[in-house]
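Each remark here refers to the structure printed beneath this line.
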There are 2 protein chains.
Amino acid sequence: MTIVLPIQSLPRLQESAAARVERELRAGIIDLTIRPGERLSESEIAERFQVSRQPVREAFIALMRQGLLDVQPQRGTVVVKLSVRRMLDARFIREAIEVAIVRRACERFDAHYRDRAASLIAAQEAAARAGDHAGFQRLDSLFHIALAEGADCMEAWTAVEMQKAHMDRVCALTLHSPGSMDPLVAQHQAILNAIEDGDAERAVAAMRHHLSEILRGVAGLDLTFAELFE
Amino acid sequence: MTIVLPIQSLPRLQESAAARVERELRAGIIDLTIRPGERLSESEIAERFQVSRQPVREAFIALMRQGLLDVQPQRGTVVVKLSVRRMLDARFIREAIEVAIVRRACERFDAHYRDRAASLIAAQEAAARAGDHAGFQRLDSLFHIALAEGADCMEAWTAVEMQKAHMDRVCALTLHSPGSMDPLVAQHQAILNAIEDGDAERAVAAMRHHLSEILRGVAGLDLTFAELFE
DNA sequence: GCTCTTGAACTTCCATACAAGTGCATACTA
DNA sequence: TAGTATGCACTTGTATGGAAGTTCAAGAGC
């Protein structure tokens, strides 16, 4: 007797061409591999990815909605330049949502997610010691996601993620000195401690502090890299 | 001597076909003219709007990103059903951001926007007396926008707008009894008063109260209209 | 009667061709 | 020389045909 699995209900195994192009372009725009102000064209990108213009176009539109590309009809498409204003707007929105998340986490945050958050902090310590900045940043993201998931706010996280990109893009300019990651680990620990204690006000304050410290090293970058800013 | 205006720098006079389709479909989905669970198809919509399938496809993708359509590859596209969970998630995110907006408004809110907000409240009173619910809802939106604009947080408003759709969609089911609009006007007035006094805590409380009252009449609708909910 | 196969009728996804608009270099005119 | 057309090369926007995949029902085989 064979069991027939409902294959049709599974998500497609391979992501669409449009999704792949969007994902890769987005990563490049955020880590500044694709430079702010750079001119892109549908046909050029299509050739690079070996697909037709159509999926590229869909990716462009999606990235435009995220505020990462500026599609000018019949004129061209450019990567939007960095902007202090946009970065601060992103921080404002992100802080508003993440503060609400930790506030809720103080009410509902079961042991499973507490353990996960704790292990992510431990992993960050290791990454900091090893000087693995890329890994550190990935773990940082996972920590924030764990908070959102534990507070049952994943929809809110998707809203945060869009804003986060505008902060990450500016932060990608900062040089990563050896000890720069340690304070961030301590801040994560402070947030988690407050949540475990159920102390909402302390958790909120810790999150606000953390989000402000993330942007610590960006002051003056708009002057140093003036050509990348609008 | 003739002055040549830089026409090329103006935005295109006529919106693209894709934008038009998206705008009209979005409006229909939010006011439930297009019913939750209904099956759409690119070719059918293309024929209805007298355009090709391509711009329709782009509109579908955009609406999928907003959580309004569910595009299933090679299977079909359906209008996502209403969801109490999604509505509450939207309220959570919206409240987080709008609370932050009024908090900031208590610090920076110049006379121009104060007057505008006040006149919008007056207009809402008139609409309420006239029983013009559609106009009332438009003015409600404009009031919240005025707060965001006055607090210099327009980017935050665009984030709110996406979430607002999921609340509006459920609210579109409620019957509008004659006196149902008056409390909302009073709540707007309370928010504005607190902002004028620079009393952040009172403004925040007023906004939270307002947002909870908006969803006052929706309890039990998921049972009355079970077929529209997932 | 029940199970399995198969094919037709749909769907979304992608490739290609063409339409429409922009900007710039070049040549022409006063 | 300065100013003005004009055509070309480029862009994004739209239309259309076909590829790939899903669903469903009719019919063959047992």
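None of these values were measured; they are calculated from a predicted model. Chain identifiers are assigned alphabetically (A, B, ...) following the order of the sequence lines, protein sequences preceding nucleic acid strands; residue numbering begins at 1 within each chain.
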Close residues, residues 40-47 of chain A, relative to DNA chain D [heavy-atom separation under 4.0 Å]: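 DNA chain D contact set from residues 40-47 of chain A: A/Leu40, A/Ser41, A/Glu42, A/Ser43.
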
So, A/Arg85 and B/Asp152, do they make that salt bridge, N to O below 4.0 Å?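 The answer is yes: the pair qualifies as a salt bridge.
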
Does the distance from a Lys or Arg side-chain N to an Asp or Glu carboxylate O, for A/Arg65 and B/Glu22, drop under 4.0 Å?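 Judged by the 4.0 Å cut-off on N to carboxylate O distance, A/Arg65 and B/Glu22 do form a salt bridge.
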
Where the side chain of A/Arg39 is defined as all heavy atoms beyond and including C-beta, which of C/dT22, D/dT11, D/dT12 is the nearest nucleotide?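 Among the listed nucleotides, the one closest to the side chain of A/Arg39 is D/dT11.
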
Along nucleotides 15-20 of chain C, 5' to 3', which nucleotides get a B, which get an S, and which get a -, given that the test is a protein heavy-atom distance under 4.0 Å? BBBB-B

Counting only side-chain nitrogens and oxygens, does [X] get under 4.0 Å of the OP1 or OP2 atom of [N]?
X       : N      : result
B/Arg57 : C/dT12 : no
B/Thr77 : C/dT12 : yes
A/Arg75 : C/dG23 : yes

Inspect the surroundings of CD in A/Glu47 and state if more than 12 heavy atoms from other residues, nucleotides or ligands are less than 6.0 Å away.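 No, not enclosed.
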
Rounded to whole angstroms, how far apart are [atom1] on [X] and [atom2] on [N]?
X       : N      : atom1 : atom2 : answer
B/Gln72 : D/dA20 : CD    : C1'   : 17 Å
B/Ile61 : C/dT11 : CD1   : P     : 17 Å
B/Glu58 : C/dT12 : CD    : P     : 15 Å

Residues A/Val218, A/Thr174; criterion side-chain contact (heavy atoms from CB on, under 4.5 Å); working and verdict: CA-CA 7 Å; A/Val218 307; A/Thr174 61; 4.0 Å; yes

Is there any ring pair (Phe, Tyr, Trp, His ring centres under 6.0 Å) pair reaching into residues 152-176 of chain A, and which pairs are they, with sequence neighbours excluded?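 Pairs touching residues 152-176 of chain A that pass the test: A/His133-A/His176.
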
Nucleic acid contacts - residues 62-71 of chain A versus DNA chain C, non-hydrogen atoms under 4.0 Å: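 Result for residues 62-71 of chain A: none.
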
For the residue pair A/Arg86 and A/Val80, establish whether any side-chain heavy-atom pair is separated by less than 4.5 Å.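 Of all side-chain heavy-atom pairs linking A/Val80 with A/Arg86, none is under 4.5 Å.
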
Contact check, side chains of A/Ile34 and A/Leu40, non-hydrogen atoms, under 4.5 Å: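 A side-chain contact exists here, since the closest heavy-atom pair is under 4.5 Å.
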
Sequence neighbours excluded, which residues qualify as salt bridge (Lys or Arg N to Asp or Glu O under 4.0 Å) partners of B/Glu213?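 In terms of salt bridge (Lys or Arg N to Asp or Glu O under 4.0 Å), with neighbours along the sequence ignored, B/Glu213 is linked to B/Arg216.
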
Before giving the answer on salt bridge (Lys or Arg N to Asp or Glu O under 4.0 Å), spell out for A/Glu95 and B/Arg104 the whole-Å C-alpha distance, their side-chain angles and the decisive distance to 0.1 Å. CA-CA 13 Å; A/Glu95 179 175 311; B/Arg104 176 171 288 190; over 6 Å; no

CG/A/Leu173 to CZ/A/Phe229 distance, rounded to the nearest 0.5 angstrom?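 Rounded to the nearest 0.5 Å, the CG-CZ separation comes out at 5.5 Å.
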
Side-chain donor-acceptor distances from residues 141-149 of chain B under 3.5 Å, at least two apart:
from	atom 1	to	atom 2	distance (Å)
B/His144	ND1	B/Glu98	OE1	2.9
B/His144	ND1	B/Glu98	OE2	3.2
B/His144	NE2	B/His188	NE2	3.4
B/His144	NE2	B/His210	NE2	3.2

